[in-house]
Every structure is written in C-alpha cells, then in structure tokens.
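Proteins come first, then strands; the chains are lettered A, B, ... in the order of their sequence lines, and each starts at number 1. Heavy-atom basis, side chains included; hydrogens, waters and symmetry copies ignored.
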Amino acid sequence: MPRRAYRTAPNSRHSSSRICWERRWCRPTTGPEPRPTSPCQHDGQSIGTAQTAARGHVMRLTRYFLPVLKENPAEAQIVSHRYMLRAGMIKQQAAGIYSWLPLGFRVLRRIEEIVHQEQMRAGHIPILMPTIQPADLWQESGRYNAYGPEMLRIRDRHDRDMLFGPTNEEMITDIFRAHVESYKSLPMTLYHIQWKFRDEVRPRFGVMRGREFLMKDGYNFDVDKEAALHAYNRHMVSYLRTYERMGLTAIPMRADSGPIGGDDTHEFLVLASTGESEVFFDSAVTELKLGNRAVDYDNREEVAAVCREFTTLYARTDETHDAALFDAIPEARRKVARGIEVGQIFYFGTKYSDPMGAVVVNEKGERVPVHMGSHGIGVSRLLGAIIEASHDDKGIIWPEGVTPFPVGIVNLKQGDSAADAACEGLYAALAEQGLEALYDDREERAGAKFATMDLIGLPWRITVGPRGLEKGVVELTSRRTGESEEMSPAAAVDRVARVYRAHA
RNA sequence: CGGGGCGUAGCGCAGUCUGGUAGCGCGACGGUUUUGGGUACCGUAGGUCGCGAGUUCGAAUCCCGCCGCCCCGACCA
C-alpha cells in the first residue's frame, strides 16, 4: 500500500473553518479502505460530505445496520457493556473478543483519530508494527520466560515460536537499533495504534477488559535522562489534551511501575463508580483544565510547568497512596473514589536499550544506550470508559468530540411529503456544513424513534413533524439536558454547526 | 487459578426435580389499526434443546465425558 501523506494533522487543510465529519476516513488506515467503492474525496479543498449526500449516500436508518436490543443481554453486568450491546455497537465472538459493528466502529475510529492528531501535534511519528511477533526478540530481552500465560504463544508451520504481541518494547527497540546511530537523530518518538492480545484469566466488562484490545503505544528514544524526562512530560500534556477532547476528565496519578518497570510512571484515571482502582485525590484536581491553551511541545520548561500544574495536587491510586499526605488535604477536598485506567506513561531508562544494544554515539563520540519510555492509551477501552462517565437510564450520552454522528434527524411522519422533504432538506443542509447526520426514516412511531435516539446517544436531535412544519419550525433537542427548543430548520442547522465548530 | 452459576428461536426466559412429539414475552416478517415518548389486534416464519457417548419402547429432562459463557475472589491496560 503506498504511503500517503497523513491528512489529519491539526494544522492541515482539514482544520479549516468547515468541519469535515468524514475526515476520519481520509487517512491511511490500519486495514483495508473501509469503503473501497467510494474513494475518499476529502484530501483537499473539496470537503466531501455534501458530495456524499449528492451521491445518494444518505445515512438512512432503513439502509444502515444498527441492530438495537430492547432488553439487556444477560451477560453484561456494567452499564457500558449493556449499552454497547443494546446500541448494536459490538458483538461478542469469544470471551473478551468482539466484533465492531458500524456504530461502534465509527466511535472507535473517531477516538483513534483524536489520538493520532494529538500525537502528531506533539511531534510523534506514526508507524505500524505487526500483531504477530517472533519469540526471538522476547528471548533477547529476557521477557519471553518472564511473561506468564497472559502471553498468547503461537507456533507456525516451521515450528518457530511466535506470539500475539501484548506490547511492543522489544520490537520498537529492534527497529531503532537497526537504523539509528547518532544523537543527531534524536529526540525521536515512534508510536502506533494496533491490536494487542493479553490472555486474561477472566475477561469481563465488555471492551473495558477484553483479551483483544486496540491500544496506542508510543516509545521515545533520547540521548540522556533529562531529554527522556522531557519526552515523558510531553506525553503527559498530549494525553491531557487527548482526553479533554473526548469529553473526559482523566486525572494523572502517580502509579506503581508494574511489570514494565522503571523509575517514573503516571496512570490516567477517569472517575467512575465501576472503576477497577480505588483512588485518593484532592477534589481541586478535577477543576484543572488544559483547554485550548497553546503549548510549545519543544519548550522543556513550558511543558514541565503544565505537568507541575496537573501533578502537584494529591492524586494517587491505592498502590502509591500515602495516608499522611492525604490527611494534609483540607477535609472538604479529600476524596476517595474509583477510577478506570485509560492510559499510562513510563520512563524506564535503558532497561531495553542496554540488553538489546540500542546505542547511539553522543556528542563526545561515546557509544551510549538510549534512554527510553513507553506511553499507552487504551483506545478500545476508552469507549467503555466514556460511556461509564456519560450516560443516563435511557442510554449513552456521547460527548460531541467522539459521537458516531453529530446529530440525528427524526421524521415523525414518514411518508408525509412535507415531513419527508423537510428531513431531506435538513440532511443536505447539515452535509453542507460538513456534518453527517443519521436520519431515522423508519416507519415507526415517535416513541420508538426517540427511544432509539436516546439509546445510541447522539448529542443532538432534530425532530420533524407535520404539526411543527405548519408553523415553520422543527425541534432541536439536547441529549444531555433533554431540553428542546423550536426553531426554523435553518436556525437548527446553524446552531448545530456552531456547536461542532468547537470540536473540529 | 480457587469458588459458584448458566447453556432451550435474534434477545430475555419457562419447561429439567417427577422422561411421553418444545412453550411464553420481546424482536423479525405480512396485514388491519394507530400516529408528537417503545399503540392495539390478526396472522407467518424461526429451535440438530451447547457437543459426544450411554440408559430407555421413548431423553431438553436421567447417567458419564467434553466444550463454551457468566459471576465472586486472586490478577491485569
């Protein structure tokens, strides 16, 4: 597959004043082109969504594949798992292994896209390593025997030992040592978003703890510890921005190093009652926001200052909890809760570069092992975490940043020529704004359509019916607040477009 | 890996104890009706009862073996 320029960098043409809701399809993907019959037109000035509509690719529910369930599947215990099954986002194929159906796939791709954008904004370089790895590399690092039955070991037809990768430190180190010789090539951070496999004894909670999972993992290579710690800080800031764009408050917490080992590590936790970790924190930490502030990722002091801002207040998991420090927090701000881990960053120095011979020549002409760290974001797990953090008793409430469709159109009287025409008009007008709506054109009663929209959680709904059209109005409803407002179709389009401009 | 539970139609379940030609609700499909928060009625389709081997005239049901899935704990992104 030829390498195309990556088109979704934050400052590319896609970030013009118009919103290209389909730009998620515009980049090289990790698999086959999702829609090979309609090649992406979005690689330049021509924002393609309106053309998509003109080509007849209207997202009509009657032509889509959205197998929603009215009842809760028995196997799902937690709310995110239940809603992902009920909203037709995933289908379980084996314990901890899922197929991604269209709605779930769209969100997965959207989350992936945000991760890519923020990584590249920080200057990190995307690559793609394989899912299957030779065992040799792991024997070299000494982890082949150290890793337990969690690692899925495979033997190929030539009786060679292979494995389905649970992580990629060895492989990235191998790539690095093959091609990089000098400190002049540094700093360098390579990352990829790829499927991993860990043969958990007991997978559960749907995609929150599957065996197969999609993860972004990145690895920095630096000439000394100071430079590597800047890479660590840079990752922390990029992660803060990544999670905020997904509508999450993810708190960096000092953590144990765990099996990857190393000196410094923080986990990012999303607060949710179903979280696997107990967390202790100063409630003021949840008020911190990175927002849209400009951070120069090459400026060590500026990046470090942001990290200090976000890590000075007390916030720790039970592994590193210090009761004395915790008790020093004013009582009103002392919080104990549960959290879902959605990412982790490590600095581990020369742990892999030393045994595997990843060395560069420094300014003094000495051969020194590079200082490394690794940095992960649980991409598939994030869907579960976002739903845990954003739902009500009717269904999911997607944050605008990750929603599968920006807006839904509900036609209350299918077959009524005025209502049908108004819906088509709204769809086209939204497409003009780069917004791909989901149009519920089923022959269903209002209640059924509303219930489906509430379940799948699109943040905005435009309701069109003969009664309103007589007065020249449609209804715009916020999923989050439940508030509805009547306005002209043009005003509704304008309002929704303005909301999404902030998330472009 | 210890402990517990469950596999019967797409989903949720009854039937198993006490063996006798497989049921209910939802969903799907076709109609009638209805139409601003899962409308009502009529009809239709859909199941090797997880798999294998036994006992029996006869097994979803009893016996043996296996597989899968879920929950609690330990473990983990």
Rounded C1' spacing from B/G54 to B/C11 in Å: 34 Å
Rounded to whole Å, how long is the line connecting atom CG of A/Asp440 with atom C1' of B/G37? 13 Å
Rounded distance in Å between the C1' positions of B/C70 and B/G50: 15 Å
Starting at the 5' end of RNA chain B and moving along, which residue's nearest nucleotide shows up first, A/Val207 or A/Phe450? A/Phe450
Which part of the nucleic acid, if any, lies within contact of A/Gly378, taking any heavy atom under 4.0 Å across all strands shown: a base, the sugar-phosphate backbone alone, or nothing? nothing
Span that lies between the P atom of B/C26 and that of B/C42, in whole angstrom: 11 Å
Minimum-distance nucleotide to A/Glu71 side chain [options: B/C75, B/G25, B/G38]: B/G25
Taking NZ, NE, NH1 and NH2 as the nitrogens, is one of them in A/Asp354 or A/Lys351 under 4.0 Å from a carboxylate oxygen of the other? no
Taking only Lys NZ, Arg NE, NH1 and NH2, and the carboxylate oxygens of Asp or Glu, determine whether A/Arg106 and A/Glu436 approach each other closer than 4.0 Å. yes
N or O in side chain of A/Arg198 less than 4.0 angstrom from B/C76 OP1/OP2: no
Separation of B/C76 P from A/Phe197 CZ (nearest whole Å): 18 Å
Comparing A/Glu200 with A/Arg442, nearest RNA chain B nucleotide closer to 5' gives the residue A/Arg442
Determine, for A/Lys471 against A/Glu486, whether the closest basic-nitrogen to carboxylate-oxygen distance falls under 4.0 angstrom. yes
Taking B/C75, B/U35, B/A77 as options, the one with an atom nearest any side-chain atom of A/Arg445 is B/U35
Per the atom types in the model, does the base of B/G37 pair as donor or acceptor with the side chain of A/Asp454 at under 3.5 Å? yes
Between P of B/G10 and CG of A/Leu85, the distance in whole Å: 16 Å
Whole-Å distance, A/Arg209 CZ to B/A74 P, equals 11 Å
Are side-chain N/O atoms of A/Ser374 and A/Glu169 paired as donor and acceptor at under 3.5 Å? yes
Whole angstrom is fine here: how far is it from CG in A/Asn411 over to P in B/U35? 16 Å
Should A/Phe326 and A/Phe280 be marked as a ring pair (Phe, Tyr, Trp, His ring centres under 6.0 Å) after you check the CA-CA gap, both sets of side-chain angles, and the distance that decides it? CA-CA 8 Å; A/Phe326 187 58; A/Phe280 304 83; 5.6 Å; yes
B/G36 C1' sits how many Å from A/Met453 CE, rounded? 15 Å
One thing to verify: whether A/Lys335 and A/Asp282 come together as a salt bridge, which I'm taking to mean a side-chain N less than 4.0 angstrom from a carboxylate O. no
Step through it carefully: locate the ring centre of A/Phe268, locate the ring centre of A/Tyr239, and say whether they are under 6.0 Å apart. yes
Taking B/G3 as the reference, what is the distance to B/U18 when you measure between their P atoms (whole Å, please)? 28 Å
Please give the distance between the P atoms of B/G31 and B/G37 as a whole number of Å. 26 Å
Among B/G36, B/A74, B/A28, find the nucleotide with the atom closest to the side chain of A/Glu444. B/A28
Is the phosphate of B/G27 approached by A/Lys70 (side-chain N or O, under 4.0 Å from OP1 or OP2)? yes
Would you classify A/Gly210 as touching base, sugar-phosphate or nothing, given that sugar-phosphate means primed atoms plus P, OP1 and OP2, and contacts are heavy atoms under 4.0 Å? base
Taking the P atom of each, how far is B/G68 from B/C63, in whole Å? 22 Å
Applying ring pair (Phe, Tyr, Trp, His ring centres under 6.0 Å) to A/His375 and not counting sequence neighbours gives A/His235
Which whole-number value in Å describes the distance from A/Arg82 CZ to B/G12 P? 13 Å
Between B/G47 and B/U39, how many Å separate the two P atoms, rounded to a whole number? 28 Å
Paired nucleotide for B/A60 [Watson-Crick or G-U wobble; both distances under 3.5 Å]: none
Using the P atoms only, state how far B/G65 lies from B/U48, rounded to an integer number of Å. 27 Å
In Watson-Crick or G-U wobble terms, both distances under 3.5 Å, what is the partner of B/G23? B/C13
A/Arg60/A/Glu424 salt bridge by N-O under 4.0 Å criterion: yes
Categorize A/Ala446 for me: base, sugar-phosphate, or nothing, with a 4.0 angstrom heavy-atom threshold over every strand shown. sugar-phosphate
Any base atoms under 4.0 Å from A/Gly148, or only sugar-phosphate, or nothing? Heavy atoms, all strands. nothing
For nucleotides 66-72 of chain B, 5' to 3', base contacts (B), sugar-phosphate-only contacts (S) and non-contacts (-) with protein non-hydrogen atoms under 4.0 Å give ---SSBB
Should the side chain of A/Arg461 and the base of B/G36 be counted as holding a donor-acceptor pair, with the cut-off at 3.5 Å? no
Could you give the NZ-to-P distance, from A/Lys413 to B/U33, as a whole number of Å? 13 Å
